[in-house]
Amino acid sequence: MIDRKSFRRDFAVMGAALARRSPSLLHEGSSWQQARIFDERQRALKAELEVLQAKRNRVSKDIGAAKSRGEDASDAIGRMAEVAGRVKALDAETKEAEDAFSRMLLEIPNPPHATTPDGVDESDNIERHRWGTPRNDAVPPHWEIGESLGILDFEAGVRLAGSRFSVLRGAGARLERALMQFMLDLHADQHGYEEVWVPAIVNSKALTGTGQLPKFADDLYRLEGEDAFLIPTGEVPITNLYQGQILDADILPIRHCGYTPCFRREAGSAGRDTRGMIRQHQFDKVELVWLLPPDGAAHALMQLLSHAEAVLQALALPYRAMDLCAGDIGFSAEKTIDLEVWLPSQQCYREISSCSSFGQFQGRRAGIRYRDAAGKPQPVATLNGSGLAIGRTLVALLENGWQADGRVCLPIALQPYMGREYL
RNA sequence: GGAAGGGUGGCAGAGUGGCCGAAUGCACCGGUCUUGAAAACCGGCGAAGGUAAUACUUCCGUGGGUUCAAAUCCCACCCCUUCCGCCA
């Protein structure tokens, strides 16, 4: 959520930043425009209401005092009955305007950070750096490799749940498990994250806290008849661990890693990546989450990124890092750096990790605060990134480790977890 | 799912219509004392809006109602604890 005070004070500046995402965000009738209208209305009503409330409180106190002296107060009580009625009506009106204002604010995305480059879509993203040497020989797509090894079964996935679900068998299932364990061990032991294990079902409040709701309900699986959703990413439960809390500054930064399954309806991505396990309704991910004072966020994002990169490097997977442009970053993010792994069958880089800084946007929405040097509660800054998406890592390992003899060579780091060198 | 009890500030816990944004204790912050620390003593100490600063307003699980006035009374809902049922 954007800051209300800045919204009022720096309306033009903030609007200009938002326009970098898309000029349509500022159009007539947009949440941005409506928010301003409701805010003005809400403030005017509140001013009027508070004067009345003050009067009511004052006179009520006098009535109480008079009664305790044994005096008759029926005259004042009669006059206050009318005030009470007006307070009630005005209060309802004020609440309505306030709620409308809040609803609009929740629909406004985070203004991009100054260091987020201009651009409208992914073609405007800017490469920061590359690592590793991509192979250029002909490699079959991962689904062919997996099926011929008997470790990937897409038909079974369809039978059980429909398209975009898959089944792993034998060494494939073990590889999925090995990757989770390897990644968690790396982050917990080498990078100093505290590992957490969290629910894969959360309520709407948690999803509002991190920004998935109210705007993106269509992307989520909702449990029927309950205020409960399958998580689209571990970011939601892990960040919301601290929802509504005021944290002591000396425990910051808080840094968590955690494995969760992720569930996405993929509404609107029909036809994209329909084959294979690049885009599934259910996938596994190891997530990295930071909570910290805002001034450390930029530096922390670079550290977080390096932790995600460490996984790719340990697995000897070539990748590149991309600065996402203002038109391509997610709703809650102010800055995002994607890691894209080389997929030889497609001869291109594909997203495998997304590392974002949210500024105080999520801290404000989720009510996660810390005490600054003056002891004042302030929203924390949050950061998160995939470290990494497991399914896509498995895909990358199959293709990058594939040999002409049909076998797949496993990276050394994974061999202890797999108990073998080849698939 | 059934029954009973309960949700108050960082924590514990008092408060059953006005003098309550809320006793008290702990924790925390500042000070006195001390070589230093502890103890003791003195003072401070919830959040949000609002203001130049005050004032003022709101918040006692959530939402509604009664009343001049609600933490306190009424209704609905949510959550927690314990017991029973079920269960990995």
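A note on names: the letters A, B, ... follow the listed sequences, proteins ahead of strands, and every chain is numbered from 1.
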Query raised in the report: Can you tell me if the side-chain N/O atoms of R371(A) get under 4.0 Å from OP1 or OP2 in G10(B)?
Result: no
Requested in this report: Mind running salt bridge (Lys or Arg N to Asp or Glu O under 4.0 Å) on R103(A) and D99(A) for me, showing each step along the way?
Outcome: CA-CA 6 Å; R103(A) 276 199 304 278; D99(A) 287 352; 5.2 Å; no
Query raised in the report: Over how many whole Å does the gap from K46(A) atom NZ to G50(B) atom P extend?
Result: 8 Å
Query - Nearest-Å distance once atom P is located in both G5(B) and C75(B) - result: 14 Å
Requested in this report: Could you verify whether a donor N or O on one side chain and an acceptor N or O on the other, from Y259(A) and Q181(A), lie under 3.5 Å apart?
Outcome: no
Query raised in the report: If the sugar-phosphate is the primed atoms plus P, OP1 and OP2 and the base is the rest, what is the B/S/- string for nucleotides 53-72 of chain B, using protein heavy atoms under 4.0 Å?
Result: ---SBS-----SSS-BS---
Requested in this report: Please check if the side chain of R4(A) supplies one atom and the backbone of L105(A) the other of a donor-acceptor pair under 3.5 Å.
Outcome: no
Query raised in the report: Under 4.0 angstrom, heavy atoms only, what part of the nucleic acid is K205(A) near: base, sugar-phosphate, or nothing?
Result: nothing
Query raised in the report: How close or far is atom P of C19(B) from atom CG of D62(A), stated in whole angstroms?
Result: 12 Å
**Report entry** C60(B) pairs with, by Watson-Crick or G-U criteria that keep both distances under 3.5 Å
**Finding:** none
Query raised in the report: Among N240(A), T382(A), T239(A), which residue meets the side-chain hydrogen bond (donor to acceptor under 3.5 Å, both in side chains) test with Q362(A)?
Result: T382(A)
Report task. Specify the residue among A65(A) and I246(A) whose closest nucleotide of RNA chain B lies further upstream toward the 5′ end. Result -> A65(A)
Query raised in the report: Say you pick atom C1' in A76(B) and the same atom in G21(B); how far apart are they, in whole Å?
Result: 27 Å
Query - Nearest-angstrom distance from the residue atom CD of E226(A) to P of C77(B) - result: 17 Å
Query raised in the report: Going by atom types only, do D338(A) and N125(A) share a side-chain donor-acceptor pair under 3.5 Å?
Result: no
Query raised in the report: Would you say R369(A) reaches G10(B)'s phosphate, i.e. side-chain N/O to OP1/OP2 under 4.0 Å?
Result: no
Query raised in the report: Roughly how far apart, to the nearest Å, are U58(B) and C41(B) at atom P?
Result: 38 Å
Query raised in the report: Does a donor on one side chain and an acceptor on the other come within less than 3.5 Å for S166(A) and Q280(A)?
Result: yes
Query raised in the report: Between the side chains of N110(A) and S332(A), does any donor sit under 3.5 Å from an acceptor?
Result: no
Requested in this report: May I have the distance from R9(A) (atom CZ) to U51(B) (atom P), rounded to whole angstrom?
Outcome: 10 Å
Query raised in the report: Given the C1' atoms of C78(B) and C28(B), what is the spacing between them in whole Å?
Result: 33 Å
Requested in this report: Would you mind reporting whether L220(A) and R264(A) have side-chain heavy atoms less than 4.5 Å apart?
Outcome: no
Requested in this report: Write down the distance between CD (E40(A)) and P (G50(B)), rounded to a whole number of angstrom.
Outcome: 14 Å
Query raised in the report: Which base sits across from C79(B) as a Watson-Crick or G-U pair, both distances under 3.5 Å?
Result: G6(B)
**Report entry** Atom P, compared across C60(B) and A71(B): separation rounded to whole Å
**Finding:** 7 Å
Query raised in the report: What's the CZ-P distance between F101(A) and G49(B), to the nearest Å?
Result: 12 Å
Query raised in the report: In the structure shown, which nucleotide is the Watson-Crick or G-U wobble counterpart of C28(B), with both distances under 3.5 Å?
Result: G44(B)
Query raised in the report: Mind checking the P distance from C73(B) to G18(B)? Whole angstroms is fine.
Result: 11 Å
Query raised in the report: U8(B) and A14(B): how far apart are their C1' atoms, nearest whole angstrom?
Result: 10 Å
Query raised in the report: Do W290(A) and F358(A) have their ring centres less than 6.0 Å from each other?
Result: no
Query - Nucleotide opposite U34(B) in a Watson-Crick or G-U pair, distances under 3.5 Å - result: none
Query raised in the report: For U66(B), which nucleotide is its Watson-Crick or G-U wobble mate, given both distances must be under 3.5 Å?
Result: none
Report task. Pick the C1' atom in G9(B) and in A47(B), then give their distance to the nearest Å. Result -> 9 Å
Query raised in the report: A48(B) C1' sits how many Å from D3(A) CG, rounded?
Result: 13 Å
Query raised in the report: Using purine N1 to pyrimidine N3 plus N6-O4 or O6-N4 for Watson-Crick, or N1-O2 and O6-N3 for G-U wobble, both under 3.5 Å, which nucleotide pairs with A53(B)?
Result: none
Query raised in the report: Checking all strands, does R364(A) fall into the base, sugar-phosphate, or nothing category for heavy-atom contacts under 4.0 angstrom?
Result: nothing
